[in-house]
Amino acid sequence: GAGPPVSRGGEVELPPGALLALYTDGLVEDRTRDLDDGIAMLAAELDRVDHVADEVPVRLVSALLPDGPDDDVAMLLVHVEYGYEGRSIDIEVPRGEEAVQQVRAAVTRALGDWGVPSDVVDDVELLASELTTNAIIYAVEPVQVRLRSSARHVVLEVYDAATYLPRRMRPTPDDEHGRGLQLVALLAERWGTRPTDGGKAVWCVVALEPAAEPALPVSNSSI
């Protein structure tokens, strides 16, 4: 968001089942409707959302702007899931030649305890190995791995103290290195990087089940 320099951050506790909606005013305001009325309409539509899926943003735009938007529309929907407390671990990556093997073992053990399907375990174990190896070789200590599982995804994050963000390489057949993030992009549903207060995090998300086809097309330019 944007605002005056004197604005302050705040904290809001989101209970299990909560739905957080962030949106631009183009979704709730148009020439025939007051802003407050648009927000009330959006709240009523959000009350009908059981879970966040690809078709939900399209449905919200259609309900609030049946004649199309007068302004750009952007939104972010986040659903807080129920009943997955304790399904997360933090792994401090040790020094030494066996560091990656220890991370792989911890990841495999945790996912097995959580009942994650074996094919997903194999993918996440390989992703953890690649991202941890990259952090050990190219980044700055300390390195930490975070793993969590929800109803639909496994999320893997690797933190380190380096401020520079990695980029995906395009290795030639003769190159011995540079394929780690290529593999991450292939196996993960999505992945990315972000700066942190102490360096950066490289993260990826793996679906527990194959993604279903969206009921309606989603346009990245308008949603």
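Values in this document were obtained by computation on a predicted structure and should not be read as measured data. What's counted below: heavy atoms across the whole structure, side chains too, no hydrogens, waters or symmetry copies.
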Check: R146/Q144 side-chain N/O donor and acceptor closer than 3.5 Å |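 Distance-only check passes for R146 and Q144.
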For a 4.5 angstrom cut-off between non-hydrogen side-chain atoms, does [X] reach [Y]?
{"X": "L42", "Y": "L27", "value": "yes"}
{"X": "Y23", "Y": "V28", "value": "yes"}
{"X": "I136", "Y": "D160", "value": "no"}
{"X": "Q102", "Y": "P94", "value": "yes"}

Start with the C-alpha gap between R194 and E157, add the side-chain angles, then the distance that decides, and say whether salt bridge (Lys or Arg N to Asp or Glu O under 4.0 Å) holds.
-> CA-CA 10 Å; R194 69 175 184 274; E157 301 171 290; 2.8 Å; yes
Quick one: does any side-chain atom of [X] pair with a main-chain N or O of [Y] as donor and acceptor, under 3.5 Å?
{"X": "T24", "Y": "A74", "answer": "yes"}
{"X": "R33", "Y": "L64", "answer": "yes"}
{"X": "S129", "Y": "E125", "answer": "no"}

Roughly how far, to the nearest 0.5 Å, is [atom2] of [Y] from [atom1] of [X]?
{"X": "Y159", "Y": "L131", "atom1": "OH", "atom2": "CG", "value": "12.5 Å"}
{"X": "D70", "Y": "D30", "atom1": "CG", "atom2": "CG", "value": "5.5 Å"}
{"X": "L187", "Y": "L156", "atom1": "CG", "atom2": "CG", "value": "11.5 Å"}
{"X": "H153", "Y": "E209", "atom1": "NE2", "atom2": "CD", "value": "10.0 Å"}

Out of V78, V56, L46, which residue meets the side chain to side chain contact (heavy atoms under 4.5 Å, CB included) rule with L19?
-> L46
Other residues, nucleotides, ligands: >12 heavy atoms within 6.0 Å of R95 CZ |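 No, because the 6.0 Å sphere around CZ of R95 holds 12 heavy atoms or fewer from other groups.
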